[in-house]
Amino acid sequence: MALQDTDISKVRTILLGITGLSCLVYAILAIAQNDLQPIWWFIPMTAGLLASVGIAIAFFLGDSSARQMAHDEMYDELNHRAQRHAYWIAVLMYPIFAVIIMTTGLSWETTFAAMGTLTGAAYLLLLTFYEWRMS
């Protein structure tokens, strides 16, 4: 059973979206509870590893032309766009979290854990959003 290029793209989009959501949930729970580990610390990491394995399997199950079409110029453009926008989101988090720390007493450790997972979530969710908009 060879996967088509659209199937590979759907698998990639869904798995990256799930990984981004796990990072977002971790960050939101960390901020809400002011706890460095609101849930098990390895959940976002495991979601990322499982996503990478799932994407690799999807590419392996596609033939050569399907793999090339699933990773075409449009994907490269969307990926670059998501990286650019996620960078600026990450930069803007510093002054936002500085104000949050000063006004709420959120701990520094929790803030840096939340900012790290929010940086990853921003890229993954933006890429997922851009891919879904194109389909």
Side-chain angles (χ1 to χ4, degrees):
M1 174 183 100
L3 292 179
Q4 301 297 321
D5 59 322
T6 55
D7 299 329
I8 295 171
S9 295
K10 285 179 188 175
V11 167
R12 178 181 57 213
T13 302
I14 290 169
L15 292 178
L16 291 179
I18 291 170
T19 304
L21 285 175
S22 71
C23 291
L24 182 65
V25 167
Y26 187 93
I28 289 171
L29 289 175
I31 293 168
Q33 298 175 8
N34 196 9
D35 185 13
L36 186 60
Q37 291 184 4
I39 54 176
W40 292 325
W41 59 270
F42 54 84
I43 289 177
M45 177 192 65
T46 304
L49 288 174
L50 292 176
S52 66
V53 169
I55 293 168
I57 290 171
F59 271 90
F60 178 74
L61 292 176
D63 59 355
S64 176
S65 63
R67 286 192 294 262
Q68 288 176 348
M69 286 190 293
H71 189 85
D72 60 355
E73 294 87 13
M74 182 57 75
Y75 174 75
D76 288 339
E77 177 61 31
L78 293 176
N79 186 24
H80 183 63
R81 183 176 172 198
Q83 288 175 5
R84 288 191 320 256
H85 293 161
Y87 169 79
W88 287 109
I89 289 171
V91 168
L92 290 174
M93 276 194 284
Y94 284 97
I96 291 169
F97 275 99
V99 171
I100 292 172
I101 289 171
M102 288 187 294
T103 58
T104 65
L106 189 66
S107 72
W108 286 96
E109 294 85 8
T110 303
T111 302
F112 287 124
M115 287 175 63
T117 53
L118 283 175
T119 300
Y123 165 69
L124 293 169
L125 293 176
L126 282 172
L127 181 59
T128 301
F129 176 71
Y130 294 154
E131 284 192 32
W132 276 345
R133 264 187 35 191
M134 291 302 296
S135 60

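Along the sequence shown, residues carry numbers from 1. For the numbers below, each heavy atom of this structure counts, side chains included, while hydrogens, waters and symmetry mates do not.
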Where [X] and [Y] come nearest, the two heavy atoms and their spacing:
X    : Y    : value
A122 : A86  : C-CB, 4.0 Å
A70  : I8   : CB-CG2, 3.7 Å
L24  : A121 : N-CB, 3.8 Å
V11  : G54  : CG1-O, 4.1 Å
P44  : S22  : CA-OG, 3.7 Å
Q4   : A66  : C-CB, 4.0 Å

**OP:** State the OG1-CZ distance between T117 and F112, to the nearest 0.5 angstrom.
**Re:**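 Separation between the atoms: 13.0 Å.
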
Subject >> From D63 atom CG to Q68 atom CD, the distance as rounded to the nearest 0.5 Å >> reply: 9.5 Å

Original post:
Does anything in residues 119-130 pair up under side chain to side chain donor-acceptor pair (under 3.5 Å), and if so which pairs, sequence neighbours excluded?
Top reply: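 Listed by first then second residue: N79-Y123, H85-Y130.
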
Membership question, hydrophobic clusters at under 4.5 Å side-chain separation (ILVMFWY): are [Y] and [X] in the same one?
X    : Y    : result
I101 : L29  : no
M102 : W108 : no
I55  : M134 : yes
I18  : L124 : no
M69  : L3   : no

Do [X] and [Y] have side chains that approach each other closer than 4.5 Å (heavy atoms only, starting at C-beta)?
X   : Y    : result
N34 : S107 : yes
D7  : L61  : no
I31 : F97  : yes
I43 : Y26  : no
Y75 : L127 : yes

**OP:** Look at atom CZ of F42 and say whether more than 12 heavy atoms of other residues, nucleotides or ligands are closer to it than 6.0 Å.
**Re:**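 Yes.
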
Subject >> CE/M45: more than 12 non-hydrogen atoms of other groups inside 6.0 Å >> reply: yes

Subject >> Pairs touching residues 10-25 that satisfy salt bridge (Lys or Arg N to Asp or Glu O under 4.0 Å), sequence neighbours left out >> reply: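 Sorted pair list: R12-E131.
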
**OP:** Apply side-chain contact (heavy atoms from CB on, under 4.5 Å) to I89 and L118, showing your working.
**Re:** CA-CA 9 Å; I89 289 171; L118 283 175; over 6 Å; no

**OP:** Could you tell me whether the side chain of T110 and the main chain of L106 form a donor-acceptor pair under 3.5 Å?
**Re:**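 Judged by distance alone, no pair lies under 3.5 Å.
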
